[in-house]
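Right, one structure below, let's go through it.
Lettering of chains follows the sequences in order, A, B, ..., and the numbering in each one begins at 1.
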2 protein chains.
Amino acid sequence: MSVTIKDVARLAGVSPATVSIVLNGKGKVSEETRKKVEEAAQKLGYRPNIVARSLVRGKTNTILLCAFIKEQEKLSAFYGELINRLLAAISREGYYLQIVVKGEFFNGHPLDKREALLNIARNSLFEGLVVLSHWPIHYSEVSDLVKENFPFVIVNQRVEGEGVSYVDIDHYGGAKEAVKYLIEKGHRQIAHLRGPREHRHAEERYRAYIDTLLDFGIPIKKEYVVEGNFRRMSGREAMEKLLQISPLPTAVFAANDKMAIGALQVAKERGIKIHDDIAIVGFDGIEAVKYTDPPLPTVEQPLGELGKVAAELLVESIKGGEVKKIVLPCRLTE
Amino acid sequence: MSVTIKDVARLAGVSPATVSIVLNGKGKVSEETRKKVEEAAQKLGYRPNIVARSLVRGKTNTILLCAFIKEQEKLSAFYGELINRLLAAISREGYYLQIVVKGEFFNGHPLDKREALLNIARNSLFEGLVVLSHWPIHYSEVSDLVKENFPFVIVNQRVEGEGVSYVDIDHYGGAKEAVKYLIEKGHRQIAHLRGPREHRHAEERYRAYIDTLLDFGIPIKKEYVVEGNFRRMSGREAMEKLLQISPLPTAVFAANDKMAIGALQVAKERGIKIHDDIAIVGFDGIEAVKYTDPPLPTVEQPLGELGKVAAELLVESIKGGEVKKIVLPCRLTE
DNA sequence: TTAGTTTATTAAAACGATTTAGCTAAGGAG
DNA sequence: CTCCTTAGCTAAATCGTTTTAATAAACTAA
């Protein structure tokens with residue numbers, strides 16, 4: 001079938017061992033045999049079988065990205081940038097990337113949280129594991145990995161405890177920036193269009209909203225906080241509720257960009273001038289807010305950075321370095 | 001180190017062969033040994049080493065996605081949906097996905113077009129190859145794959161000739177839809193904001209623009225065609241040029257959404273009413289056009305479908321089925 | 001009883017590389 | 001001349017499975 005090291009050896013008139021030595025550049029060989037081997041390999045178009053190499057070396061140089069995200073969610077719409085940078089960073093270190101998404105098939109059956117991590121690790125196929133999750137992860141779900149000393153890094157969640165590396169985004173800090181920005185623009189009647197209660201990020205952004213108002217001595221108005229579900233339509237509905245309150249808020253901090261866009265649409269339909277009458281600021285940094293009229297300020301999540309740092313942490317962990325817990329700041333863009 | 005089949009065999013008091021037979025469900029074993037083996041495997045938490053299995057079986061069940069795209073481009077911004085569906089479809093068939101992007105490292109050195117395809121194929125690591133490319137691919141670049149009978153499918157480009165499967169999008173047809181839509185709305189002064197000359201898709205969309213006008217007996221005005229580079233800013237510049245022409249066009253067909261958005265912005269700044277004074281329609285179906293004011297009609301590229309069909313073609317090809325050339329229609333959404 | 005068949009199990013080969021340990025020949029030191 | 005070193009090469013073991021062919025035991029049929 002395909003060309004093996006034996007074929008090269010035969011053609012070059014040497015042993016397979018010699019071929020291996022020449023092609024891997026280890027050990028000593030005479031200039032003459034080196035040439036013979038290289039020519040033979042060239043002529044036959046020989047490529048080493050990576051599987052065989054992996055078996056004997058005991059490593060595949062592949063890392064696995066396990067994405068636990070909602071089905072409907074596009075892995076890439078949001079995490080595309082993350083994957084790009086992750087891929088770039090690990091490929092530079094000589095690793096390959098394999099991706100598996102929750103609900104999809106791995107080793108025969110659909111990947112689901114519990115069973116997966118440990119099995120995959122034990123599988124011994126991968127050098128390391130990147131765990132990207134939308135839902136909080138409990139220490140017990142990764143303690144086996146820690147025990148086996150299997151390199152992994154958690155992305156987008158924080159898991160305290162020994163032996164765990166993670167990189168997460170500072171939603172609290174980012175949200176504080178957003179609210180501060182509005183306050184510094186002179187707003188005092190600031191509403192918050194919050195995300196679902198069960199969503200950790202929504203909760204953090206909400207906390208930041210409350211804390212920042214308190215920091216500046218601005219009284220909290222309960223009716224200024226309306227809950228949405230992160231989708232545009234819920235932003236519309238929430239905005240409609242807000243517009244019935246008097247005094248009208250002069251600013252809205254939306255917990256994500258989609259809801260901010262919904263709010264903007266309703267406001268415009270009512271003839272309310274964005275920025276002048278009501279300021280709106282979102283969160284996430286999706287592309288669409290650049291193209292609304294007017295464009296909306298937003299708190300940009302450093303998703304690319306997330307991928308890059310995840311790669312760095314993982315590679316360090318593979319090399320036996322220490323685990324690290326990193327929280328990346330986000331910044332507000334207008 | 002890790003648990004091997006020998007460990008299981010020893011604990012169960014049988015030979016490794018028996019363990020393999022039990023765990024793979026082939027061959028006959030007594031109920032008694034089956035139990036012993038299963039218990040031992042369970043107890044030790046045994047997982048077969050996939051690398052070893054792959055070596056002996058001669059297949060890794062992994063397919064490789066080779067993305068030849070521009071560096072700055074986000075693999076995922078545009079192709080996210082594609083990858084999602086591709087991944088879903090192949091994982092259902094029991095295959096894993098590995099991704100490598102142009103410019104990133106593969107097997108030691110940065111992946112670049114020529115060398116790559118054949119080498120990778122010969123590598124024997126992968127069951128099949130999905131080639132996603134932004135640039136036209138010449139038959140000679142894949143003829144080696146054809147010769148070696150290595151399963152592959154080309155996505156986003158058309159390569160005529162024997163032994164080649166591809167799935168592409170009907171840019172010409174989609175663009176025709178767009179122009180027809182404008183004509184049916186009563187427009188006769190239709191401008192075209194075309195993409196760069198060297199870009200195949202831009203060229204096809206341009207051809208469709210010309211052909212459709214001719215079909216309807218509408219005279220072509222050379223000055224109504226302005227070239228941009230697919231970026232928003234060039235859409236702005238082009239629109240500014242168009243607005244100096246008299247008679248003013250009453251409609252603009254932009255070769256992509258970003259340019260359409262740029263055009264929209266300029267028009268709005270000049271106080272021109274979109275739809276009433278000037279209709280604009282874009283191409284691509286990016287999310288942002290849903291949130292402009294007003295939202296723009298666009299020709300949606302079925303990127304998810306592209307991924308799904310690619311997977312189907314590839315799997316069929318792996319199974320020894322015949323090659324197919326498929327062109328997917330796009331549809332206009334308002 | 002004997003030959004033939006079926007059943008349950010396993011020894012050993014294979015997959016294709018890498019790596020270890022050893023061998024030969026040549027060169028150098030005494 | 002002998003001993004030691006070194007350079008250059010290779011035979012054979014190894015990685016962890018799967019699979020083939022063989023074996024032993026048990027059962028069937030005549």
Exercise for the section: Using only side-chain N and O atoms of Lys28(A), determine if any of them is under 4.0 Å from OP1 or OP2 of dG8(D). Expected result: no
Handout entry: Glu31(B) vs Lys6(A), nearer the 5' end of DNA chain C by closest nucleotide
Key = Glu31(B)
Fill in the blank from the handout: Distance col, row Leu306(B):CG vs Lys308(B):NZ, nearest 0.5 angstrom, shows 12.0 Å
Practice task
Starting from the first five and the last five pairs of the helix from dT1(C)-dA30(D) to dG30(C)-dC1(D), work out the angle between the resulting helix axes, to 10 degrees.
Solution key: 60°
Practice task
May I have the distance from Arg57(A) (atom CZ) to dG16(D) (atom P), rounded to whole angstrom?
Solution key: 16 Å
Completion exercise
Rounded to whole Å, the CZ-P distance (Arg10(A) to dT10(D)) equals 14 Å
Exercise for the section: Write down the atom of Val146(A), the atom of Gly163(A), and the distance for their closest heavy-atom approach. Expected result: CG2-O, 3.8 Å
Handout entry: Between P of dT18(D) and CZ of Arg53(B), the distance in whole Å
Key = 5 Å
Practice task
Could I get the full list of salt bridge (Lys or Arg N to Asp or Glu O under 4.0 Å) partners for Arg200(A), not counting sequence neighbours?
Solution key: Asp168(A), Glu204(A)
Practice task
Using whole Å, report how far CD1 of Ile5(B) lies from P of dT19(D).
Solution key: 11 Å
Exercise for the section: Give a yes or no on this: more than 12 heavy atoms of other residues, nucleotides or ligands lie within 6.0 Å of atom NZ of Lys324(A). Expected result: no
Fill in the blank from the handout: Applying salt bridge (Lys or Arg N to Asp or Glu O under 4.0 Å) to Glu39(A) and not counting sequence neighbours gives none
Exercise for the section: State whether Ser30(A) places a side-chain N or O below 4.0 Å from either non-bridging phosphate oxygen (OP1 or OP2) of dC9(D). Expected result: yes
Practice task
Round to a whole Å and report the spacing from NZ of Lys59(B) to P of dG16(C).
Solution key: 15 Å
Exercise for the section: Identify, with sequence neighbours excluded, every residue that meets side chain to side chain donor-acceptor pair (under 3.5 Å) alongside Ser20(A). Expected result: Asn24(A)
Practice task
Strictly below 4.0 Å, heavy-atom distances to any atom of DNA chain C: list the hits from residues 32-41 of chain A, or just say none.
Solution key: none
Problem - OP1 or OP2 of dG16(D) under 4.0 Å from side-chain N/O of Tyr46(B) - result: no
Problem - side chain to side chain donor-acceptor pair (under 3.5 Å) against Ser15(A), all qualifying residues, sequence neighbours excluded - result: Thr18(A)
Handout entry: Heavy-atom side-chain proximity of Phe126(A) to Gln98(A) below 4.5 angstrom
Key = yes
Completion exercise
Contacts satisfying salt bridge (Lys or Arg N to Asp or Glu O under 4.0 Å) that involve residues 7-25 of chain A (not counting sequence neighbours) are Asp7(A)-Arg10(A)
Fill in the blank from the handout: Of the candidates dT17(D), dC9(D), dT18(C), the side chain of Val29(A) sits closest to dC9(D)
Practice task
Using the test side chain to side chain donor-acceptor pair (under 3.5 Å), find all partners of Thr33(B) that sit at least two apart in sequence or belong to another chain.
Solution key: Ser30(B)
Exercise for the section: Can you tell me which residue pairs pass the salt bridge (Lys or Arg N to Asp or Glu O under 4.0 Å) test with a partner in residues 17-37 of chain A, sequence neighbours excluded? Expected result: Arg34(A)-Glu38(A)
Problem - Selection from dT18(C), dC15(C), dG8(D) that lies nearest to any side-chain heavy atom of Leu55(B) - result: dC15(C)
Practice task
Take atom CD of Glu160(A) as the centre, draw a 6.0 Å sphere, and report whether it contains more than 12 heavy atoms from other residues, nucleotides or ligands.
Solution key: yes
List every contact pair, protein side and nucleotides 25-28 of chain D side both N or O, where the distance is under 3.5 Å.
none

Handout entry: Criterion side-chain contact (heavy atoms from CB on, under 4.5 Å) against Leu313(B), the qualifying member of Ile326(B), Val323(B), Val130(B)
Key = Ile326(B)
Handout entry: Residue-level proximity of residues 13-26 of chain A to DNA chain C when a heavy atom falls under 4.0 Å
Key = Ala17(A), Ser20(A), Asn24(A), Lys26(A)
Handout entry: side chain to side chain donor-acceptor pair (under 3.5 Å) involving Glu93(A) - partner list, sequence neighbours excluded
Key = Lys319(A)
